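Reviewing the structure listed below.
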Amino acid sequence: MSSKTKAKISAVGHYLPEYVLTNKELETMVETDDNWIRTRTGIEERRILKDPDKASAFMAAEAAREILETQNMDAKEIDAVIVATITPDYMFPATACLTQTMIGATNAFGFDLSAACSGFIYALSSGTALIESGQCKKVLVIGSDKMSSIVDFTDRATCILFGDGAAGVLLEPSDDENGVLDHVLYSSAEGAEALIQEGGGSRNPATHETVDKRMHYIKQEGRSVFKRATEGMADVSVEIMKKNNLTADDINWLVPHQANLRIIDATARRMNISTDKVMINIEKYGNTTAATIPLCLYDWKDRLNKGDNLILSAFGGGYTWGATYLKWAI
Ligand code: UT7
């Protein structure tokens, strides 16, 4: 066994807004139907943060508070807060700074990480490196997205997909063989045009024209993203298995990004993993972008055992994609 310091996930927390937007309600908003949404995506309902005064930092702070409570930990012990999000409260200051102050983590530094649906595994890799290097002892890694703030509720091809939510983990040094063991991460702007929010950045700052052209909403070429996501998530999951000499029997759980049930099924098939070993909660929350993977960890935490082998896997805007191999340590 390597003597290198490892990072382990020592706690999980989450926040979901109360409001449930069902497929039935979407039928009253755009020309769609419950059956189409269920069969094409696996989604039945999603959560929406209705309070206009609350956004991603609020949800991240609630998830962080749950972690601190379960650990009976003072926020002042936190060394770093990483928030993965593509729906930051503001272009700047960073959502992580807002989150850290909301929870009273006055000794921490914080930064946001923008990797869309791969945000959580990218942030987990960064947080792990902070622990492995010895720079930090306690790192909060949170995925938080208020997708309803950038969803075009007149575009039936995208508005049915996304939901709001946050979840995250506490990383600490591991004192045994369990912990975060490997990462494989990729990105490429080959799909930049296929999944994009064009307005609001330095390329297309907000003007009347960008608003009129609906450039502040998500635009997605669903079919091409679907094809690339199906290949990308399956390839990278198989790659991390091979790299770590894992067979399907060695893996206790696949924790896939929840974008479309058909993408998840294709990934599990390529890995030769049966459906009962795949975390799936897309029916309840839709695609919450950076929050999907930690929301799965939260929902499954009582079924996980110390030493379980988990593969986390994601594909998203950028494109960004990747996988993480970890041994559950709680
Ligand atoms: O998480 C980040 C990465 N994102 C993803 O992984 C999402 C990837 N894409 C997808 O999940 C799928 O492409 C969608 C769920 C977005 C769309 O499913 P699809 O099977 O690729 O459908 P499609 O875009 O090929 O559309 C099929 C038909 C079209 O009608 P025509 O042209 O065949 O007459 C659409 O207009 O379905 C129609 N359609 C709808 N019908 C009812 C599109 N959206 C809807 C809708 N309700 N909401």
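In each ligand, atom 1 is the first atom listed, and ligand 1 is the first ligand listed. Just so it is clear, the model here is predicted, and its values are computed rather than measured. When reading the values below, keep in mind they use all heavy atoms of this one structure, side chains included, and skip hydrogens, waters and symmetry mates.
Side-chain atoms of Arg47 never come within 3.5 Å of backbone atoms of Tyr285 as a donor-acceptor pair (strictly under, hydrogens ignored). Under the 3.5 Å distance criterion, the side-chain polar atoms of Asp145 are matched with a main-chain donor or acceptor of Ile86. Side-chain N or O atoms of Arg46 include one that pairs as donor or acceptor with a backbone N or O of Ile160 at under 3.5 Å. Put simply, the side chain of Thr292 never gets that close to the backbone of His257: no donor and acceptor are under 3.5 Å apart. Between the Lys8 side chain and the Asp176 main chain, no donor and acceptor come within less than 3.5 Å of each other.
The distance from ligand 1 to the heavy atoms of His257 drops below 4.0 Å at these ligand atoms: 1 (O). For ligand 1, the atoms closer than 4.0 angstrom to any heavy atom of Thr41 are 15 (C). When each atom of ligand 1 is checked for a heavy atom of Ala259 under 4.0 Å away, the hits are 1 (O), 5 (C), 6 (O).
Here the protein heavy atom with the shortest distance to atom 14 (C) of ligand 1 is Asn260 ND2, 4.5 Å. What sits closest to atom 19 (P) of ligand 1 on the protein, heavy atoms only, is Arg262 NH2, 3.8 Å. Nearest protein heavy-atom neighbour of atom 3 (C) of ligand 1: Val225 CG1, 3.6 Å. Among all protein heavy atoms, the one lying closest to atom 2 (C) of ligand 1 is Cys117 SG, 3.2 Å. Protein heavy atom in closest approach to atom 6 (O) of ligand 1: Ile263 CD1, 3.3 Å. In this structure, atom 20 (O) of ligand 1 lies nearest to the protein heavy atom Arg40 NH2, 2.7 Å. With respect to atom 46 (C) of ligand 1, the closest heavy atom belonging to the protein is Thr32 OG1, 3.3 Å. Ranking the protein heavy atoms by distance from atom 4 (N) of ligand 1 puts Gln220 OE1, 3.1 Å first.
Residue contacts with ligand 1, taken as heavy atom pairs separated by less than 4.0 Å, involve Asn287 solely via side-chain atoms from C-beta onward.
Across Arg228, Arg156, Arg223, Gln258, heavy-atom proximity to atom 38 (C) of ligand 1 is greatest for Arg156. In the candidate list Phe315, Trp36, Tyr319, Trp321, Trp36 is nearest to atom 17 (C) of ligand 1, counting heavy atoms.
In this structure, a donor-acceptor pair under 3.5 Å is present between the side chains of Ser274 and Asp276. Of the N and O atoms on the side chains of His216 and Thr210, at least one donor lies less than 3.5 Å from an acceptor on the other residue.
Residues Trp300 and Asn281 have side chains in contact (heavy-atom distance under 4.5 Å, counting atoms from C-beta outward).
For atom 41 (N) of ligand 1, the nearest protein heavy atom lies closer than 4.0 Å. By the definition of a contact as any protein heavy atom under 4.0 Å away, atom 31 (P) of ligand 1 is not in contact.
In the hydrophobic clustering of ILVMFWY residues, with side-chain heavy atoms under 4.5 Å counting as a link, Ile43 and Leu261 come out together.
Take Ser56 and apply the side chain to side chain donor-acceptor pair (under 3.5 Å) test, not counting sequence neighbours, and it matches Thr87.
Between Lys227 and Glu231, at least one side-chain N (NZ, or NE/NH1/NH2) sits under 4.0 Å from a carboxylate O, which counts as a salt bridge.
The distance criterion of under 3.5 Å between nitrogen or oxygen atoms is not met by Ala229 with respect to ligand 1.
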